[in-house]
Amino acid sequence: MRPRDVREEIVLSSFKGSMPFYAHSLEGKAPSEWQTLEAHLNGVAKSSADFASPFGGNEWAFLAGLWHDLGKYSPAFQKKLYDANGIEAHIETTPGRVVHSDAGAHLATLKEWHNTDRLLAWLIMGHHAGLADYDSDKSGPAALQARMLDPQRSDPVLLNVPDAIRNHQRPAQAIPKDASPAFFIRMLFSCLVDADFLDTEAFMTPEKAKKREKYPDLAVLAAKFDHFLENVTKNAQKTPVNVVRNEVLAQCRCAADLDPTVFSLTVPTGGGKTLSSMAFALRHAVKHAKSRIIYVIPYTSIIEQTVGVFRAIPGFENAVIEHHSNIALDDEDAETSRSRLAAENWDAPIIVTTAVQFFESLYACKTSRCRKLHNMVNSVVIFDEAQCLPPEFLRPCVFAIRELQRFYRVTPVLCTATQPVLNHADRFDFRFREGFEHVTEIVSDPSGLAERLKRTEIQLLDQKMAVSDQKTLLEALKSEKEAVLCIVNRKEDARTLARELPNEKTVHLSTNMCAEHRFRVFDDIKKRLNDSNEPFYVITTSLIEAGVDLDFPIVYRALAGLDSIAQAAGRCNREGKRPQKGKTVIFVPENQPQYVKSAADIAQEALSGELSAIFAPETIENYFKTRFWQLGEEKLDQFGILERLSGGFNYAYRSVAADFRLIRDDWTRPVIVPYGKALEIIDNLHEPPWNVRFLLRKLQRYTITIEKSLHDLMRQRDDIHPVHDFPNLFTLNPLFYNKKYGFIPPDEAGQTNPEDFIC
């Protein structure tokens with residue numbers, strides 16, 4: 001046995017109350033400048049309780065904060081602070097770690113508080129590792145049940161805990177009646193981990209904490225917004241579309257004074273939903289003392305457009321935080337550094353995020369994803385294009401919205417042109433159990449509004465809705481004398497069709513092109529539409545439909561769900577400036593993907609009726625009721641998310657988090673394409689000074705996904721190369737990335753003009 005050094009002897013023999021216990025040390029600083037453990041515990045307890053107070057969880061959050069680091073009363077941990085000055089001593093996953101997140105949970109177990117011990121154990125034992133599954137037979141030693149066993153092993157540590165902390169009483173608060181205990185625990189967990197992060201940050205890196213400055217008050221932003229809209233309205237042309245937009249805006253302002261509930265804003269595409277919904281949110285937030293506004297958007301492809309609209313409002317430049325996978329914030333810039341910090345926990349007045357980020361965070365288990373949840377409390381949440389919620393996760397998504405509204409003071413706004421049926425639908429013996437009891441529509445006459453905003457006539461390429469082969473479709477497109485937008489269901493169809501049209505007059509769009517590539521093409525399309533009367537063709541997949549601000553005189557749409565067709569029609573005569581209505585032509589494609597077929601069949605039945613009423617709210621309602629009934633309750637929660645988070649305190653948080661992914665990537669793999677600055681950024685990964693996280697985020701704008709089997713094949717053929725020192729990063733051979741089509745599969749590479757390749 002090695003002899004103990006002097007430091008170890010002092011530390012291990014002296015923690016009997018004669019020396020202070022510390023939570024955090026500072027590298028190069030004397031212990032007298034370290035943070036005491038009592039200061040940290042009380043600081044986290046107070047902040048955690050403050051965060052949980054709006055939803056009645058403050059007593060639970062206080063106790064979780066007070067006990068979360070009781071394991072640091074261990075002499076072994078105190079020695080670790082002396083040995084490893086700085087933040088490394090605090091992290092349980094580093095080599096030579098000292099686990100300090102068990103003792104507080106063991107103290108609750110020793111007190112024999114029925115179920116309270118398990119609730120506190122989830123919070124305390126998870127404050128570094130994340131929320132665990134309870135059952136040990138499924139998760140092994142990482143399960144909560146396994147970690148809660150043998151609480152006596154914490155006895156030596158707990159003896160060092162001051163009586164005022166150790167003898168704290170059980171919380172008197174009850175979980176709100178009818179609220180989900182699993183959801184309540186998750187929200188308490190958010191309060192605890194954010195309080196812990198912020199208290200640690202304030203001590204360890206005060207210069208970073210100072211960047212979390214206060215943002216403008218929502219009342220100030222509301223006044224600036226109203227002034228901005230006055231100028232917009234004053235200077236806008238008095239077109240029929242703008243008249244309707246002003247009416248929608250007025251109704252949104254009026255409805256904002258109503259008591260909080262679930263609201264819907266059913267406005268046809270192009271009816272000004274973005275600004276009108278924000279007008280509602282700001283006025284409602286000020287009227288009812290809401291803390292923030294969260295704008296949830298279905299796709300990253302349109303989030304920057306929305307953020308641009310909001311940040312163009314004077315006074316909003318630094319009040320809007322965007323949080324999604326493609327945003328890269330440079331730490332060297334003070335404002336973007338502050339934005340990055342706000343994105344960690346959504347502590348800002350206006351958050352613009354994606355549905356993926358919003359809902360996956362609500363079902364996450366990791367501390368980094370859960371920090372923000374408590375800042376959803378007491379907010380207005382606008383769900384833009386609400387019909388885009390994926391059917392296989394519809395029940396858990398709606399359940400989360402309903403839970404936030406009923407127990408966490410959230411005002412949801414379901415904002416769309418094609419309102420899905422998210423209330424308790426009774427048709428065909430189908431009942432949506434997680435649906436809303438009542439939804440208040442903001443506009444007074446959605447049907448009349450749809451009729452007044454009708455700017456396009458729906459036509460069928462084949463009156464009997466027979467399949468139109470490519471030759472027939474091409475002849476129809478070439479016969480048009482104005483700019484045409486043609487939307488198909490498959491990327492292969494977009495490439496095949498675009499190749500058969502005049503090269504110089506044809507623009508292609510699909511997710512085989514990286515985000516940076518697509519944005520440049522969007523700019524090119526807008527320029528062509530604004531600067532020239534020459535006809536041209538845009539051949540694209542559905543990525544162009546939701547929220548993309550483009551205005552074509554003619555739109556062709558491959559048969560799909562009625563909501564998709566309505567979105568496509570919203571790109572036709574969008575501003576209503578044409579002397580006559582635009583034209584939207586529906587055709588039945590030769591190759592109908594299976595994932596579209598069910599929705600397309602229901603739409604085809606509707607299209608066999610009166611075409612002039614195809615987008616009426618009643619038609620859309622019947623479409624969704626039929627769609628949900630056909631899918632059935634099980635398919636609306638395909639992965640059994642809700643079942644695993646219900647029952648008697650036996651929740652599977654970690655397993656649920658693994659399965660709750662709105663964008664499934666089981667069969668795809670990412671690859672960086674040689675477009676724009678991608679290769680330059682990769683080179684910078686190896687050059688100091690470097691910021692890997694920042695550079696990797698920037699690379700997401702130059703990344704596409706391809707099927708796993710194809711990815712594996714191309715790696716074997718050396719067509720995809722791993723990045724040196726980054727084994728999970730791969731780059732694509734330039735021979736397979738085209739300036740017009742993006743990624744070209746190997747079996748199609750010979751069908752494309754060689755001059756169009758990047759190399």
Side-chain angles (χ1 to χ4, degrees), residues 126 129-133 138-139 142 180 182-183 186 189-190 294 296-303 323-327 343 346 353-373 376 381 383-401 403-404 420 434 511 515 541-543 546 593-596 631 633-646 651-671 696-697 699-701 703-711 728-730:
L131 290 168
D133 290 354
K138 296 177 182 177
S139 303
S180 161
F183 205 97
R186 193 188 300 277
F189 182 68
S190 170
I294 303 172
V296 181
I297 294 176
Y299 307 119
T300 56
S301 59
I302 59 174
I303 196 170
H323 189 196
H324 56 94
S325 61
N326 285 344
I327 185 69
W346 287 7
T353 190
T354 58
V356 170
Q357 183 67 237
F358 185 86
F359 287 108
E360 288 190 2
S361 295
L362 281 166
Y363 286 97
C365 67
K366 293 183 178 179
T367 57
S368 58
R369 295 296 298 271
C370 291
R371 277 186 69 181
K372 66 179 78 71
L373 300 186
M376 294 180 185
V381 183
F383 297 94
D384 191 32
E385 308 295 357
Q387 81 286 349
C388 291
L389 293 175
E392 63 270 30
F393 292 106
L394 187 63
R395 286 177 57 206
C397 284
V398 173
F399 174 82
I401 298 172
E403 203 73 5
L404 288 170
E434 288 76 29
T511 52
T541 55
S542 61
L543 68 87
Q594 193 61 38
Y595 60 84
V596 173
L631 289 169
E633 281 197 279
E634 287 189 9
K635 285 291 186 180
L636 297 179
D637 184 8
Q638 186 172 326
F639 297 90
I641 302 297
L642 294 179
E643 182 181 353
R644 287 184 279 169
L645 294 174
S646 60
Y651 310 129
Y653 288 110
R654 189 170 297 275
S655 300
V656 161
D659 287 339
F660 193 94
R661 289 176 292 158
L662 297 195
I663 299 177
R664 308 295 299 182
D665 56 5
D666 308 66
W667 304 104
T668 62
R669 292 292 182 270
V671 60
L696 292 178
R697 296 292 290 272
L699 282 173
Q700 289 179 353
R701 295 186 63 82
T703 300
I704 64 169
T705 59
I706 62 177
E707 291 183 5
K708 180 180 181 299
S709 57
L710 181 57
H711 189 281
N728 295 322
L729 292 183
F730 296 90

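Quantities reported herein were computed from a predicted structural model and do not represent experimental measurements.
Between Cys397 and Leu662, the shortest heavy-atom distance links the atoms SG-CD2, 4.4 Å. Among all heavy-atom pairs drawn from Leu631 and Pro391, the shortest one is CD1-CB, 3.7 Å. For Cys370 against Ser190, the heavy-atom pair with the smallest separation is O-OG, 2.8 Å. Of all non-hydrogen atoms in Ala132 and Ala142, the two that sit nearest each other are CB-O, 3.6 Å. Nearest heavy-atom pair, Thr511 versus Ile704, reported as atom, atom and distance to 0.1 Å: O-CG2, 3.8 Å.
Atom CD of Glu634 sits about 9.0 Å away from atom CD of Glu643, to the nearest 0.5 Å. Rounding to the nearest 0.5 Å gives a distance of 13.0 Å between CD1 of Ile297 and CD of Gln357. With values rounded to the nearest 0.5 angstrom, Ile641 atom CD1 is found 11.5 Å from Ser646 atom OG. Atoms CD and CG, on Glu633 and Leu394 in that order, are 11.0 Å from each other to the nearest 0.5 Å. Atoms NZ and OG1, on Lys372 and Thr353 in that order, are 7.5 Å from each other to the nearest 0.5 Å.
Ser180 is linked by a side-chain hydrogen bond (donor to acceptor under 3.5 Å, both in side chains) to nothing, counting only residues two or more places apart in sequence or in another chain. Remark: Arg371 pairs with Asp194, Glu344 by the salt bridge (charged side-chain N to carboxylate O under 4.0 Å, His left out) rule, at least two apart or across chains. Qualifying salt bridge (charged side-chain N to carboxylate O under 4.0 Å, His left out) partners for Arg644, counting only residues two or more places apart in sequence or in other chains: Asp659. Listed by chain and number, the residues in a side-chain hydrogen bond (donor to acceptor under 3.5 Å, both in side chains) with Thr541 amount to none (sequence neighbours excluded). Every residue meeting the side-chain hydrogen bond (donor to acceptor under 3.5 Å, both in side chains) condition with Lys708, not counting sequence neighbours, appears here in chain and number order: Asp712. For Phe189, there are no ring-ring contact (aromatic ring centres under 6.0 Å, His included) partners two or more places apart in sequence or in a different chain.
Annotation: side chain of Arg654 is not in contact with side chain of Ser139 (no heavy-atom distance under 4.5 Å). Between Phe730 and His711, the closest side-chain pair of non-hydrogen atoms falls below 4.5 Å. For the pair Tyr651/Leu131, no side-chain contact is recorded, criterion being any heavy-atom separation below 4.5 Å from C-beta on. At a threshold of 4.5 Å between non-hydrogen side-chain atoms, the residues Ile294 and Met376 count as touching. At a threshold of 4.5 Å between non-hydrogen side-chain atoms, the residues Leu373 and Trp346 do not count as touching. Between Leu696 and Leu729, the closest side-chain pair of non-hydrogen atoms falls below 4.5 Å. Within the 4.5 Å cutoff, side-chain heavy atoms of Phe183 are placed close to those of Leu404. Considering only heavy atoms from C-beta on, Tyr363 stays 4.5 Å or farther from Phe393 through its side chain.
Taking the six-membered ring where the residue is Trp, Phe383 and Phe358 present perpendicular rings, their angle passing 60° and hence far from 30°.
Shown are Phe660, Phe639, Phe359; of these, the side-chain contact (heavy atoms from CB on, under 4.5 Å) with Pro396 is made only by Phe660.
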Quiz item: Do Glu403 and Leu362 pass the side chain to side chain contact (heavy atoms under 4.5 Å, CB included) test, and can you show the C-alpha distance, the side-chain angles, and the key distance before you say yes or no?
Solution: CA-CA 11 Å; Glu403 203 73 5; Leu362 281 166; over 6 Å; no
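Looking at Asp133, its side chain does come within 3.5 Å of a backbone N or O of Tyr653 through a donor-acceptor pair.
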